[in-house]
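Encoded as structure tokens, the structure appears first; notes follow it.
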2 protein chains.
Amino acid sequence: MNILFKALNDTTRREILEMLKDGDMNAGDIADKFNMTKPSISHHLDLLKQADLVIAVKKGQFVEYSLNMTVMDEIMAWFVQFKTQ
Amino acid sequence: MNILFKALNDTTRREILEMLKDGDMNAGDIADKFNMTKPSISHHLDLLKQADLVIAVKKGQFVEYSLNMTVMDEIMAWFVQFKTQ
DNA sequence: TGAGTATTTAGACAATCTTCTAAATATTTT
DNA sequence: AAAATATTTAGAAGATTGTCTAAATACTCA
């Protein structure tokens, strides 16, 4: 849970998630959308991966990132505890 | 949104929210539940208040804290965007 | 009014985080 | 095999965060 909220606590990372909602992307294309160096984006992607919010699949020399909905469900469940009571 | 995720990105603060789920509490009683000084807890409460996750009402010399469900809804809505698509 | 209780504010310090540049690794293509 | 492209790793620097102690503020009650 800790690493999950940590991963979500950054505008760039949340924007990456929103971008991936519209379709998978490779690391370079993601980086191009931000005014930030590739290593920085790579680090953000690593945090999202650690939190299991995204899945990385190597495709040749590219790495394709996609959303992992399963973990979203876990967070949703955490919030629901407040609603049902 | 930024300040919201920031407020949620801390175990102590999330535990405070979970405690308040079971009923309102004043600052001192909240602090007693943690192995941490009162000023530290006061600071955590301040962040939760800034994020509108809790509401603080002064009652005499005490300050009573309660959950603010409205903002929970806002976060839920952010997550729902990923589910519906 | 003064003493006691509840809470916050101020300031400091160590730990963590975000970003950068430089270099390393992995893959493709010529 | 060498050059080019895609991505990550390593290490550093400045900013932010979590926690503490000491002091200030707010309120109650004798």
Side-chain angles (χ1 to χ4, degrees), chain A residues 1-20 22-68 71 75 78, chain B residues 1-20 22-68 71 75 78:
Chain A
M1 211 75 224
N2 239 318
I3 199 170
L4 240 171
F5 279 107
K6 172 178 158 184
L8 290 168
N9 184 31
D10 181 273
T11 308
T12 301
R13 290 194 292 271
R14 289 196 303 274
E15 282 177 13
I16 291 174
L17 292 177
E18 296 189 26
M19 282 170 40
L20 292 177
D22 301 328
D24 302 351
M25 296 175 75
N26 64 48
D29 287 345
I30 294 172
D32 288 344
K33 300 280 187 178
F34 294 92
N35 190 17
M36 197 177 290
T37 64
K38 282 175 204 294
S40 296
I41 293 295
S42 183
H43 176 239
H44 284 307
L45 288 170
D46 185 48
L47 286 177
L48 289 171
K49 201 165 55 182
Q50 280 179 46
D52 258 339
L53 282 163
V54 302
I55 295 166
V57 175
K58 183 136 202 180
K59 298 204 170 173
Q61 63 192 322
F62 300 87
V63 177
E64 189 165 272
Y65 284 87
S66 58
L67 275 187
N68 180 10
V71 181
I75 310 190
W78 187 82
Chain B
M1 212 74 222
N2 239 318
I3 199 170
L4 240 171
F5 279 106
K6 172 177 159 184
L8 289 168
N9 185 31
D10 180 273
T11 307
T12 301
R13 290 194 291 271
R14 289 196 303 274
E15 283 178 10
I16 291 173
L17 292 177
E18 296 190 25
M19 282 171 39
L20 291 177
D22 300 328
D24 302 352
M25 295 176 75
N26 63 48
D29 288 346
I30 293 172
D32 289 343
K33 301 280 187 179
F34 294 92
N35 189 19
M36 198 178 287
T37 64
K38 281 174 206 295
S40 295
I41 293 295
S42 184
H43 175 239
H44 285 307
L45 288 170
D46 185 48
L47 285 177
L48 289 172
K49 201 165 55 182
Q50 280 179 45
D52 260 338
L53 282 163
V54 301
I55 295 165
V57 175
K58 183 138 203 179
K59 297 206 171 171
Q61 62 191 322
F62 300 87
V63 177
E64 190 164 274
Y65 284 87
S66 57
L67 275 187
N68 180 11
V71 182
I75 309 188
W78 188 82

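To find a chain, count down the sequence lines: A is the first, B the second, and so on, and within it residues start at 1. Side-chain atoms are counted along with the backbone in the values below, which use heavy atoms only and exclude waters and symmetry mates. The model shown is predicted, which means the values in this text are computed figures rather than measured ones.
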Taking the side chain as everything from C-beta on, heavy atoms only, tell me whether B:Ile41 gets closer than 4.5 Å to B:Thr12. yes
Which value, rounded to the nearest 0.5 Å, describes the distance between A:Tyr65 atom OH and A:Leu45 atom CG? 4.5 Å
Candidate list B:Asn9, B:Asp10, B:Leu8, test side chain to side chain contact (heavy atoms under 4.5 Å, CB included), partner A:Lys6, passing option: B:Asn9
Between the NZ atom in A:Lys33 and the CD1 atom in A:Ile16, the distance rounded to the nearest 0.5 Å is 12.5 Å
Once rounded to the nearest 0.5 Å, what's the spacing between atom CG of B:Leu67 and atom CG of B:Leu48? 9.0 Å
Those residues of residues 24-41 of chain B lying under 4.0 Å from DNA chain C by at least one heavy atom: B:Asn26, B:Ala27, B:Gly28, B:Lys38, B:Pro39
About how many Å separate CD of B:Glu18 and OG1 of B:Thr11, when rounded to the nearest 0.5 Å? 10.0 Å
Run the salt bridge (charged side-chain N to carboxylate O under 4.0 Å, His left out) test against B:Lys38 and tell me which residues pass, sequence neighbours left out. B:Asp32
Could you check whether any side-chain heavy atom of B:Phe34 comes within less than 4.5 Å of a side-chain heavy atom of B:His44, counting everything from C-beta outward? no
Donor-acceptor check, side chain of A:Asn68 to backbone of A:Asp52, threshold 3.5 angstrom: yes or no? yes
Got A:Asn2 and B:Arg14 here, is their nearest side-chain heavy-atom distance under 4.5 Å? yes
Using a cut-off of strictly less than 4.0 Å between a heavy atom of the residue and any atom of DNA chain D, enumerate the qualifying residues of residues 43-51 of chain A by number. none
Are any of the side-chain heavy atoms of A:Lys59 and A:Asn26 separated by less than 4.5 Å? no
Measure the spacing between CD1 of A:Ile75 and CD1 of B:Ile75 and express it to the nearest 0.5 Å. 10.0 Å
Boundaries of the DNA chain C segment in contact with chain A, non-hydrogen, under 4.0 Å: C:dC17 to C:dT28
Between residues 4-13 of chain B and DNA chain D, which residues have a heavy-atom gap below 4.0 Å? B:Lys6, B:Asn9, B:Asp10, B:Arg13
Rounded distance [0.5 Å steps], NE2 in B:His43 versus OG1 in B:Thr37: 11.5 Å
Of all heavy-atom pairs between A:Val63 and A:Ala56, which one has the smallest distance, and what is that distance? CG1-CB, 3.9 Å
Exercise: identify the closest heavy-atom pair between B:Leu20 and B:Ser66: CD1-C, 4.2 Å
N/O contacts under 3.5 Å, protein versus nucleotides 26-30 of chain D?
from	atom 1	to	atom 2	distance (Å)
D:dA26	O3'	B:Lys58	NZ	3.2
D:dC27	O3'	B:Gln61	N	3.4

